[in-house]
Each structure stands twice: as C-alpha cells, then as structure tokens.
Amino acid sequence: MRIGLTGGIGSGKSTVAHAWVTLGGALLIDTDAISRALTQPGGAAMPAIAQRFGPDFVTPEGALHRPAMRELAFRDPSARLALEGILHPLIGAETERQAGLAQPGQRVVFDVPLLVESGRWRQKVQRVVVVDCEESTQVRRVMQRSQLSETAVRDIMAQQASRARRRAAADAIIYNDGLTLDQLHREVGTLLASPLF
Ligand code: ADP
C-alpha cells in the first residue's frame, strides 16, 4: 500500500514518518530530500537549471543558488513554473525508482510536505494521512529547532495549505498536540493496526 503523509511545518510529520518505519516496517520516501539532492552539486536537475536560467542561478560549487532563485520566483511566476517543470518529472522518476525497491507487501510511505497543495500527489497514493496540531504548537516547535523568528515561521505557514484544507484531504488524521512522543508512537501503532491500513 502507498501512503501519502503530510502536515504543516512543525506538525510532527517527520517524527510520524520515522515511527511508521520503526513500528510498521514501512519504506520511507522523503520527497524533500530527493528534491534537495537534485539541486546539489552534480544533481540531476543542475544541467537543465543552468541551461534555462544561466550562471547567476548556479553557485561556484554547481548547486542551485537558492536565494537568487527564491527572489526570481517571487517576482516572476513563470520562472517558478519553469523550475517546477524541470524538478517535478525528476522527483517523480526518483520517487518511483525508490518505491520500486519495496518488498512485496511492504507499505510505502511518501513524506510529502506539500501533498495537498501540489495536487499531483493524490493519484499516486491510496491513503492520505495528515499530521495536525494547533498553529501555536507549530510555531513553538519550529522556533525551538531553528533560529527562525515567530514572524518567519508564520510566513512559511501562510504559504502552506490551511489546517482545514489539509484535514479535508485526509483519510486519517493524527492529532499531535498535547501528546508525549510515546503517546504519539502509540497513535501511529493504533493507525497501523486499523483495517484502513
Ligand atoms: P515536521 O516534519 O512536521 O516539520 P517534526 O517531526 O520535525 O515536524 O517535529 C518538529 C519538532 O517537534 C521536532 O523537534 C520533534 O522532535 C518535535 N515533536 C514533534 N511531535 C512531538 C511530540 N508529540 N512531543 C514532543 N516533541 C515533538
């Protein structure tokens, strides 16, 4: 079974993804890591990016120049579309390659931060699991693990789908608020044991 796992920043999505692996023996596919690897030095997306955008968007080491690209994508939506046009097929091919490594009967969990936002993921998975928590909890967790200010965290959250929209897309919701990590693991265990999965 293919499961799409999503949640807003700081919801606990990565923690749940790893619990799914340790408790349920799932194969985890980290689409963020795949996307980052494509734009590292020597990454498979770099030749097309250099050709389309030119040397100003490539670091001396050969990686994507993220600040320059962020600024361009902000000003020019067609540039963002062009970048996505390069990245999405490569991400799709790599996720399929990794999913193909699953053992017969092994669950495959796709960790997709923007599953609800992107639209193209829904048809690739049989179930969508959403990790949800209060916005104030998201802010607190992200501020604790990074150097970001509250405003910066809320800016990121504002670019993501709302909790309501994400919840509406879910086959199952893990409400990760007011839980210890042990309790969160138990929630994942309960879900794994349910007939839905
Ligand atoms: P996401 O992948 O959704 O951004 P993470 O799984 O990385 O979120 O969780 C964000 C932070 O909050 C991490 O440092 C994680 O250890 C912590 N965290 C998540 N859920 C809990 C919980 N139930 N109890 C304690 N800490 C938690």
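The residues of the chain are indexed from 1 along the displayed sequence. One-based numbering, in listed order, for ligands and for the atoms of each.
- Looking at atom 15 (C) of ligand 1, its nearest protein heavy atom turns out to be Thr15 OG1, 3.8 Å.
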Begin from the C-alpha positions of Glu61 and Gln40 and carry the test side-chain contact (heavy atoms from CB on, under 4.5 Å) through to its verdict. CA-CA 9 Å; Glu61 295 75 31; Gln40 296 295 316; over 6 Å; no

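- The line from CE of Met69 to CZ of Phe53 is 4.0 Å long, rounded to the nearest 0.5 Å.
- Relative to atom 9 (O) of ligand 1, the option among Gly12, Ala17, Gly178 with the closest non-hydrogen atom is Gly12.
- Note: Trp20 and Phe197 have perpendicular aromatic rings, judged against thresholds of 30 and 60 degrees for the angle between ring planes.
- Against a heavy-atom cut-off of under 4.0 Å, Gly8 is close to the following atoms of ligand 1: 3 (O).
- Electrostatic pairing of Arg166 and Asp132 does not count as a salt bridge here, judged by no charged N lying under 4.0 Å from a carboxylate O.
- A salt bridge does not link Glu117 to Arg165: none of the charged side-chain nitrogens sits closer than 4.0 Å to a carboxylate oxygen.
- The 12-atom threshold is exceeded at CD of Gln183, counting heavy atoms of other residues, nucleotides or ligands nearer than 6.0 Å.
- Ranking the protein heavy atoms by distance from atom 17 (C) of ligand 1 puts Arg141 CD, 4.0 Å first.
- The protein heavy-atom contact nearest to atom 20 (N) of ligand 1 is Asn176 ND2, 2.9 Å.
- For ligand 1, the atoms sitting less than 4.0 Å from at least one non-hydrogen atom of Ser11 are 3 (O), numbered in the order shown with element in parentheses.
- Within the 4.0 Å heavy-atom cutoff, Gly7 does not count among the residues contacting ligand 1.
- Among all non-hydrogen protein atoms, the one lying nearest atom 27 (C) of ligand 1 is Leu181 CD2, 3.8 Å.
- When hydrogens are left out, the protein atom nearest atom 7 (O) of ligand 1 is Arg145 NH1, 2.9 Å; that is the closest non-hydrogen contact.
- By the criterion of a heavy-atom distance under 4.0 Å, neither the backbone nor the side chain of Val142 is placed next to ligand 1.
- At least one N or O atom of Gly10, backbone or side chain, sits closer than 3.5 Å to an N or O atom of ligand 1.
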Decide yes or no on side chain to side chain donor-acceptor pair (under 3.5 Å) for Arg66 and Thr39, but give the supporting numbers first. CA-CA 9 Å; Arg66 285 171 208 286; Thr39 53; 2.7 Å; yes

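- Taking distance alone, with nitrogen or oxygen atoms compared against 3.5 Å, Leu179 approaches ligand 1 more closely than that limit.
- Heavy-atom separations between Cys133 and ligand 1 are all 4.0 Å or longer.
- Look at Asp171 and Arg122 and you find a salt bridge, because one of the NZ, NE, NH1 or NH2 atoms lies within 4.0 Å of a carboxylate O, short of that distance.
- Under 4.0 Å is where a charged nitrogen must lie from a carboxylate oxygen, and between Glu94 and Arg36 no such pair does.
- For atom 2 (O) of ligand 1, the closest non-hydrogen atom of the protein is Ser14 OG, 2.5 Å.
- Summarising the geometry, atom CD belonging to Gln98 is positioned 10.0 Å from atom OG1 belonging to Thr31; distances are rounded to the nearest 0.5 Å.
- Distances from atom 13 (C) of ligand 1 to the protein include no heavy-atom value under 4.0 Å.
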